[in-house]
Every structure is written in structure tokens, then in C-alpha cells.
Amino acid sequence: MAVQRMDNVGIVVEDMDAAIAFFVELGMELEGRGEVQGPFADRCTGLDGVHCDIAMVRTPDGHSRLELAKYLSPRAIDAGARDRPHHVLGTHRVMFAVDDIEDTVARLRPHGGELVGGIARFEDSYLLCYLRGPDGIIVGLAEQLR
């Protein structure tokens with residue numbers, strides 16, 4: 001078997017403190033923060049002179065993690081509008097299961113969270129929404145209905 005597990009999802013951010021605050025408010029835990037640079041980082045990324053501030057946040061169950069990276073050098077490339085619609089090729093979202101979707105949305109608003117559309121009901125199974133966070137990151141929220 002080639003894959004053992006998914007280790008993490010990487011997201012490049014401009015404002016590291018805002019991104020950490022957003023994901024911590026969502027309920028994730030800051031696992032660690034540090035800097036990455038040197039020949040191994042250059043080789044892995046295919047870039048020269050990599051110097052990144054990174055932070056790892058994990059879900060409370062410890063099974064899923066996000067690696068947040070702020071490129072100090074080379075500077076991150078701004079791909080344009082951060083309010084792109086969800087169906088743009090290459091645009092990704094990360095989906096989280098939450099116990100109270102309305103409360104979660106309310107808590108994330110002061111941290112830059114904005115609904116992309118609205119909270120939608122899928123049959124009698126889920127309440128779902130997409131929320132745009134810092135740097136245009138799209139986060140999906142799903143509340144399973146009892």
C-alpha cells in the first residue's frame with residue numbers, strides 16, 4: 001500500500017497571527033510554530049532561498065492537521081482576488097464537522113469569517129456552509145443533524 005494516512009493540508013497565508021486565531025477559534029489546537037529554511041526546504045519546494053514561518057494546528061481528536069505557512073522569502077505570490085467563487089479551478093476548501101454551525105459561524109465572524117452563501121440544509125442529514133476566512137481561505141462547516 002502506498003498511502004498510510006493523510007498527514008496534513010498546507011495553506012499559504014499572508015497574516016499568520018490572523019490565520020492561527022481563526023483556526024483556534026474554530027476549535028483547532030496550535031501544535032507548534034517555527035521557521036523553516038535551508039537546502040532541504042529549497043529542494044522540497046523547488047524554490048530558492050526559502051524562509052517560512054510555519055504553524056501546525058490540529059483537530060481536537062488529533063487525526064487532522066493544517067500546516068500554515070507564511071513565506072518570508074521568496075515572497076508569496078498573490079494570485080489575484082481573494083473572494084473568488086468556489087468553483088474556480090484549483091480553489092480548495094477544507095471541511096470540518098462541527099456540533100453547532102450557527103454558533104461556529106458567529107464565533108468566526110470577528111476573526112474575518114464571512115459566509116460565501118448561506119447555511120443550507122441537506123435533507124434531514126446535515127446543515128452545511130462555506131465560510132471565507134483570512135487570506136480568502138474557504139472553510140466548509142458541516143453539522144450532522146440528529
Side-chain angles (χ1 to χ4, degrees), residues 1-120 122 126-144:
M1 179 164 75
V3 174
Q4 297 175 350
R5 70 179 181 280
M6 186 180 81
D7 189 59
N8 67 66
V9 173
I11 301 174
V12 176
V13 301
E14 185 175 346
D15 187 336
M16 179 64 80
D17 293 330
I20 291 170
F22 179 86
F23 286 107
V24 167
E25 186 61 40
L26 178 60
M28 299 187 81
E29 301 166 0
L30 180 61
E31 187 173 85
R33 186 170 177 174
E35 292 188 10
V36 174
Q37 60 185 333
F40 89 93
D42 291 359
R43 182 170 174 89
C44 182
T45 62
L47 299 170
D48 291 323
V50 171
H51 183 192
C52 279
D53 179 15
I54 62 166
M56 192 71 74
V57 292
R58 70 172 178 258
T59 55
D61 66 3
H63 293 295
S64 301
R65 301 183 322 177
L66 294 178
E67 179 183 293
L68 306 172
K70 176 183 174 137
Y71 275 79
L72 306 173
S73 73
R75 292 277 180 209
I77 297 170
D78 192 337
R82 294 184 181 170
D83 61 349
R84 294 178 294 183
H86 186 266
H87 66 294
V88 171
L89 292 174
T91 299
H92 303 286
R93 61 108 173 110
V94 180
M95 179 69 77
F96 294 95
V98 297
D99 57 3
D100 185 335
I101 199 167
E102 290 183 12
D103 176 67
T104 303
V105 169
R107 288 187 299 105
L108 292 175
R109 279 196 171 116
H111 296 279
E114 297 178 16
L115 284 170
V116 172
I119 297 173
F122 176 71
Y126 287 94
L127 293 177
L128 301 158
C129 72
Y130 291 150
L131 193 75
R132 195 176 311 280
D135 295 315
I137 300 164
I138 297 176
V139 174
L141 302 177
E143 176 185 340
Q144 187 170 7

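Start at 1 with the first residue, then count along the sequence.
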First locate atom [atom1] of [X], then atom [atom2] of [Y], and finally report the distance between them rounded to the nearest 0.5 Å.
| X | Y | atom1 | atom2 | value |
| --- | --- | --- | --- | --- |
| Tyr71 | Ile77 | OH | CD1 | 10.0 Å |
| Leu141 | Ile119 | CG | CD1 | 8.0 Å |
| Ile138 | Met95 | CD1 | CE | 11.0 Å |
| Leu68 | Phe23 | CG | CZ | 6.0 Å |
| Ile54 | Met16 | CD1 | CE | 8.0 Å |
| Met6 | His63 | CE | NE2 | 12.5 Å |

- Contact list for residues 90-105, test salt bridge (charged side-chain N to carboxylate O under 4.0 Å, His left out), sequence neighbours left out: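 For residues 90-105: Asp103-Arg107.
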- Apply side chain to side chain contact (heavy atoms under 4.5 Å, CB included) to Phe96 and Thr104, showing your working. CA-CA 11 Å; Phe96 294 95; Thr104 303; over 6 Å; no
- For Arg132, check side-chain hydrogen bond (donor to acceptor under 3.5 Å, both in side chains) against everything at least two apart and list the hits.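 With sequence neighbours excluded, Arg132 shows a side-chain hydrogen bond (donor to acceptor under 3.5 Å, both in side chains) to no residue whatsoever.
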Quick one: side chains of residues 36-44, donor-acceptor pairs under 3.5 Å with protein atoms, not counting sequence neighbours, listed by atom name and distance.
residue: Asp42; atom: OD1; partner: Gly49; partner atom: N; Å: 3.3
residue: Asp42; atom: OD1; partner: Val50; partner atom: N; Å: 2.8
residue: Asp42; atom: OD2; partner: Gly49; partner atom: N; Å: 3.2

- Message: Determine whether a donor-acceptor pair (N or O, by modelled atom type, separation under 3.5 Å) exists between the side chain of Glu31 and the backbone of Met56.
- Response: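 Not confirmed, Glu31 side chain does not pair with Met56 backbone.
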- Task: State whether the side chain of Asp135 and the backbone N or O of Glu14 hold a donor-acceptor pair below 3.5 Å, judged by distance alone.
- Result: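 Side chain of Asp135 to backbone of Glu14: a pair is present.
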- Heavy-atom check, side chain of Asn8 versus side chain of Arg58, under 4.5 Å: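 Not touching, per the 4.5 Å side-chain cut-off.
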- Message: Could you check whether any side-chain heavy atom of Pro74 comes within less than 4.5 Å of a side-chain heavy atom of Leu47, counting everything from C-beta outward?
- Response: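 They are in side-chain contact.
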- Task: Could you list the residues that satisfy salt bridge (Lys or Arg N to Asp or Glu O under 4.0 Å) with Asp78, not counting sequence neighbours?
- Result: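 Listed in chain order: Arg82.
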- Can you name the ring-ring contact (aromatic ring centres under 6.0 Å, His included) partners of Tyr130, sequence neighbours left out?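 Listed in chain order: His86.
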- Item | Heavy-atom pair with the smallest gap, counting every atom of Ala21 and His111 |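 Here Ala21 and His111 meet closest at CB-ND1, 3.8 Å.
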- Message: Just checking Glu67: does its CD atom have more than 12 heavy atoms from other residues, nucleotides or ligands closer to it than 6.0 angstrom?
- Response: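 It does: Glu67 CD has more than 12 such atoms within range.
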- Query: Who are the side chain to side chain contact (heavy atoms under 4.5 Å, CB included) partners of Glu114, not counting sequence neighbours?
  - Reply: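 Listed in chain order: nothing, the list is empty.
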